[in-house]
Amino acid sequence: MEMTDVNRIEIYTDGACKGNPGPGGWGVLLKSGAVEKELFGGERETTNNRMELMAVIQALQALKRPCHVMLHADSQYVLKGITEWLTGWKAKGWKTAAKQPVKNVDLWQQLDALVSQTEHKIEWIWVRGHNGDPGNERADALANRGVAQALGSA
């Protein structure tokens, strides 16, 4: 399938948690040309890693047609998980190298299905968090809105 400029999309994702575990939120900024869309949500009792994963899942679920995705995240856990660790986890029956169950396996399986069962071309890009990157700063602010929403103060 030929990707056109129309299908190019930049996504910034972030998760936040007040206490770990504690109330958490996820935020997503989608940018395609001049069009931008913001998404956020949260949970009362969660972890930072779960919110980082949820941000990526929600971002990919929001795409309605195959896209060339530049996905920016500040979570090494998410990026290494999807690009390095996932294949081994699956081969070992969702166990780590230390033969322990993979944490957050439900979300990893959801993300794996989203990535493998779609026609998206995804570039996974690490961005240093809280370092002035405008897209990351907006995703962080959205994740914090998700925390506020989960706490009922949004």
Side-chain angles (χ1 to χ4, degrees), residues 3 5-87 89 96 101-154:
M3 294 287 178
D5 285 340
V6 176
N7 289 350
R8 288 181 64 87
I9 187 162
E10 279 198 82
I11 298 176
Y12 290 85
T13 65
D14 202 12
C17 216
K18 307 304 177 197
N20 201 13
W26 54 267
V28 175
L29 172 64
L30 301 111
K31 294 170 64 170
S32 180
V35 178
E36 293 186 351
K37 183 174 183 180
E38 296 180 336
L39 306 170
F40 64 92
E43 297 175 20
R44 281 195 169 277
E45 188 66 20
T46 188
T47 65
N48 192 63
N49 283 342
R50 286 188 72 79
M51 292 296 92
E52 295 281 0
L53 280 164
M54 187 59 79
V56 176
I57 289 166
Q58 294 289 338
L60 295 176
Q61 284 179 338
L63 303 177
K64 301 301 182 220
R65 62 180 187 269
C67 294
H68 180 166
V69 178
M70 276 86 39
L71 196 142
H72 305 262
D74 63 8
S75 169
Q76 290 281 1
Y77 172 71
V78 170
L79 295 177
K80 284 187 185 300
I82 198 71
T83 61
E84 297 175 26
W85 305 332
L86 191 70
T87 305
W89 289 342
T96 64
V102 171
K103 286 189 170 94
N104 306 311
V105 68
D106 57 328
L107 297 181
W108 281 114
Q109 288 173 337
Q110 201 175 342
L111 181 56
D112 180 43
L114 274 170
V115 170
S116 62
Q117 296 167 10
T118 61
E119 297 181 49
H120 303 309
K121 178 184 184 299
I122 304 173
E123 293 178 47
W124 302 95
I125 303 162
W126 181 73
V127 58
R128 184 178 300 282
H130 311 290
N131 206 41
D133 180 288
N136 179 254
E137 296 294 336
R138 283 186 57 195
D140 179 64
L142 290 164
N144 283 302
R145 281 175 67 187
V147 174
Q149 183 182 61
L151 291 172
S153 56

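Numbering starts at 1 and runs along the sequence shown.
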How many angstroms lie between [atom1] in [X] and [atom2] in [Y], if you round to the nearest 0.5 Å?
{"X": "Met51", "Y": "Ile57", "atom1": "CE", "atom2": "CD1", "value": "9.0 Å"}
{"X": "Asn49", "Y": "Lys103", "atom1": "CG", "atom2": "NZ", "value": "9.0 Å"}
{"X": "Ser32", "Y": "Leu63", "atom1": "OG", "atom2": "CG", "value": "9.5 Å"}
{"X": "Leu29", "Y": "Asn136", "atom1": "CG", "atom2": "CG", "value": "10.0 Å"}
{"X": "Leu39", "Y": "Thr13", "atom1": "CG", "atom2": "OG1", "value": "11.5 Å"}
{"X": "Ile9", "Y": "Ile122", "atom1": "CD1", "atom2": "CD1", "value": "11.0 Å"}

Pairs where residues 12-34 contributes a residue and the test ring pair (Phe, Tyr, Trp, His ring centres under 6.0 Å) is met, not counting sequence neighbours
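Pairs touching residues 12-34 that pass the test: Tyr12-His72.
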For residues Ile11 and Val28, determine if any side-chain heavy atom of one lies less than 4.5 Å from a side-chain heavy atom of the other.
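Ile11 vs Val28: side chains touch.
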Quick check: does any side chain N or O of Asp14 sit under 3.5 Å from a backbone N or O of Gly27, one acting as donor and the other as acceptor?
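Absent.
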Under a 3.5 Å distance rule, please check whether Glu137 uses its side chain to pair with a backbone N or O of Gly132 as donor and acceptor.
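Yes, Glu137 side chain to Gly132 backbone: donor-acceptor pair under 3.5 Å.
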Using the side chain to side chain donor-acceptor pair (under 3.5 Å) criterion, which residues pair with Glu123? Sequence neighbours excluded.
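If we apply the side chain to side chain donor-acceptor pair (under 3.5 Å) test to Glu123, skipping adjacent residues, the hits are His68.
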Kindly write out the residues that satisfy side chain to side chain donor-acceptor pair (under 3.5 Å) with Trp89, not counting sequence neighbours, or none if the list is empty.
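None.
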Applying side chain to side chain contact (heavy atoms under 4.5 Å, CB included), run through Arg44 and Leu151 and close with a yes or a no.
CA-CA 6 Å; Arg44 281 195 169 277; Leu151 291 172; 3.9 Å; yes
Distance-only donor-acceptor hits, side chain of residues 15-25, under 3.5 Å, sequence neighbours excluded:
from  : atom 1 : to     : atom 2 : distance (Å)
Lys18 : NZ     : Asn144 : OD1    : 2.8
Asn20 : OD1    : Asn48  : N      : 3.0

Can you list everything that forms a salt bridge (Lys or Arg N to Asp or Glu O under 4.0 Å) with [X]? Sequence neighbours excluded, please.
{"X": "Glu38", "value": "Arg138, Arg145"}
{"X": "Lys80", "value": "Glu84"}
{"X": "Asp140", "value": "none"}

Let me have the donor-acceptor pairs involving side chains of residues 124-131, under 3.5 Å, with sequence neighbours excluded, atom names and distances please.
from   : atom 1 : to    : atom 2 : distance (Å)
Trp126 : NE1    : Asp74 : O      : 3.4

Sequence neighbours excluded and cut-off under 3.5 Å, please list the side-chain donor-acceptor pairs for residues 104-111, or say none.
from   : atom 1 : to    : atom 2 : distance (Å)
Asn104 : OD1    : Arg50 : NH1    : 3.2
Asn104 : ND2    : Tyr77 : OH     : 2.8
Asp106 : OD1    : Arg50 : NH1    : 3.0
Asp106 : OD2    : Arg50 : NH2    : 2.8
Trp108 : NE1    : Tyr77 : OH     : 3.0

Taking all atoms of both residues into account, what is the closest heavy-atom pair of Leu86 and Ile82, and its distance?
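So the minimum-distance heavy-atom pair works out to CD2-CD1, 3.9 Å.
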Closest non-hydrogen atom pair between Leu30 and Ala59, with its separation:
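Minimum heavy-atom separation between Leu30 and Ala59: CD2-O, 4.0 Å.
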